[in-house]
Amino acid sequence: MELDKIDVRLLDLVQHNNRQSSEELGAKVGLSASGVQRRLKRLRSEGVIEADVSIISPNAIGRTVTVSVLISFERARADIVDRFKRAICKMPEVMCGFYITGQADFLLLVTSTNMEEYEQFTRRLVHENPDIKRFESIVVLDRVKAGFTLPMASIACW
């Protein structure tokens, strides 16, 4: 999909604050409210905007433990990788999951209410995925930055 300068500006604005009204956005990009709505609808339908979400403080809801988990498989066969991808999408503890290169096959960002709950998660993870050869837990001490904003300045506009 080709993006023009207005699309890029809208994307930049909504990724920082998606609660702005169409009127507010229109004033910032030089469009009418209905023009903004049409563009945002197109950007969503084309999959450029994947979701409109709120970032919730894990501590505010009692999820005080965050762990990065590196997963390695005995064999990285396509069926094993695909099955694991489907599995982690169903795990509510997994905030993010990445299929990666390097010494591990996957990187997961996991939250729990305490270390006992995290241990139960790891037991389920290993039990339900017998192809896991190794996993490494890296406990997060402090969340310094959270979000999914992407740098928009480098986008080439047509």
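When all heavy atoms of Ser72 and Ala104 are compared, the closest pair comes out as OG-CA, 3.5 Å. Across all their heavy atoms, Leu108 and Gly97 have their closest contact at CD2-CA, 3.9 Å. Among all heavy-atom pairs drawn from Ile55 and Arg143, the shortest one is CG2-NH1, 4.4 Å.
Note on Glu136 versus Arg134: salt bridge recorded, some NZ/NE/NH1/NH2 to OD/OE distance being below 4.0 Å. For Glu119 and Arg123, the salt-bridge test passes: some basic side-chain N is under 4.0 Å from an acidic carboxylate O. Checked for salt-bridge contact, Lys41 and Glu46 miss the test: no charged N lies under 4.0 Å from a carboxylate O. Electrostatic pairing of Arg42 and Asp7 counts as a salt bridge here, judged by a charged N lying under 4.0 Å from a carboxylate O.
A distance of 12.0 Å separates CG in Leu31 from CZ in Arg9, rounded to the nearest 0.5 Å. Rounded to the nearest 0.5 angstrom, His127 NE2 and Ile132 CD1 are separated by 12.0 Å. How far CZ of Arg38 is from OG of Ser22: 10.5 Å, rounded to the nearest 0.5 Å. Atom CD of Glu93 and atom OH of Tyr118 lie 10.5 Å apart (nearest 0.5 Å).
In this structure, Arg63 contributes its side chain and Thr111 its backbone to a donor-acceptor pair below 3.5 Å. In this structure, Thr64 contributes its side chain and Thr113 its backbone to a donor-acceptor pair below 3.5 Å. A side-chain donor-acceptor contact under 3.5 Å links Asp4 to the backbone of Ile6. Not one N or O on the side chain of Asn18 forms a donor-acceptor pair closer than 3.5 Å with the backbone of Val14. Judged by distance alone, with hydrogens and angles left aside, the side-chain atoms of Ser112 form a donor-acceptor pair with the main-chain N or O of Asn114 at under 3.5 Å. Side chain of Asn17 to backbone of Arg19: a donor-acceptor contact under 3.5 angstrom is found.
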Taking it one step at a time, do Asp131 and Arg77 satisfy salt bridge (Lys or Arg N to Asp or Glu O under 4.0 Å)?
-> CA-CA 10 Å; Asp131 295 302; Arg77 292 189 341 234; 5.7 Å; no
Can you check side chain to side chain contact (heavy atoms under 4.5 Å, CB included) on Leu40 and Ile49, steps first, answer last?
-> CA-CA 8 Å; Leu40 290 175; Ile49 297 175; 3.9 Å; yes
Working for side chain to side chain contact (heavy atoms under 4.5 Å, CB included), residues Leu150 and Asp12 | CA-CA 8 Å; Leu150 298 170; Asp12 193 44; over 6 Å; no
For Leu70 and Phe135, run side chain to side chain contact (heavy atoms under 4.5 Å, CB included): C-alpha distance rounded to whole Å, both residues' side-chain angles, the deciding distance at 0.1 Å, then the answer.
-> CA-CA 5 Å; Leu70 295 171; Phe135 76 90; over 6 Å; no
Would you check, one step at a time, whether the test side chain to side chain contact (heavy atoms under 4.5 Å, CB included) holds for Val69 with Val94?
-> CA-CA 10 Å; Val69 183; Val94 177; over 6 Å; no
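In this view, Phe106 and Phe73, Phe84, Tyr99 satisfy the ring pair (Phe, Tyr, Trp, His ring centres under 6.0 Å) rule, not counting sequence neighbours.
In the hydrophobic cluster analysis, where Ile, Leu, Val, Met, Phe, Trp and Tyr join through side-chain heavy atoms closer than 4.5 angstrom, Met152 is grouped together with Val48. Using a 4.5 Å cut-off between side-chain heavy atoms of Ile, Leu, Val, Met, Phe, Trp and Tyr, with links allowed through other members, Leu25 and Val8 fall into the same hydrophobic cluster. Placement of Val53 and Ile56 in two distinct hydrophobic clusters is found when ILVMFWY residues are connected by side-chain heavy-atom separations under 4.5 Å, directly or transitively. When the side chains of ILVMFWY residues are joined at heavy-atom separations under 4.5 Å, either directly or via intervening members, Val81 and Leu107 end up in two distinct hydrophobic clusters. The cluster map of Ile, Leu, Val, Met, Phe, Trp and Tyr, joined by side-chain heavy atoms under 4.5 Å apart, puts Val67 and Val126 in the same cluster.
Using a 4.5 Å heavy-atom cutoff, the side chains of Lys28 and Gln20 are in contact. For the pair Ile100/Asp105, no side-chain contact is recorded, criterion being any heavy-atom separation below 4.5 Å from C-beta on. Inter-residue side-chain proximity for Ile80 and Arg83 is flagged as met; some heavy-atom pair is nearer than 4.5 Å. Proximity of Gln15 to Leu11: side-chain heavy atoms (C-beta onward) are nowhere separated by under 4.5 Å. Between Cys96 and Phe148 the shortest side-chain heavy-atom distance falls below 4.5 Å.
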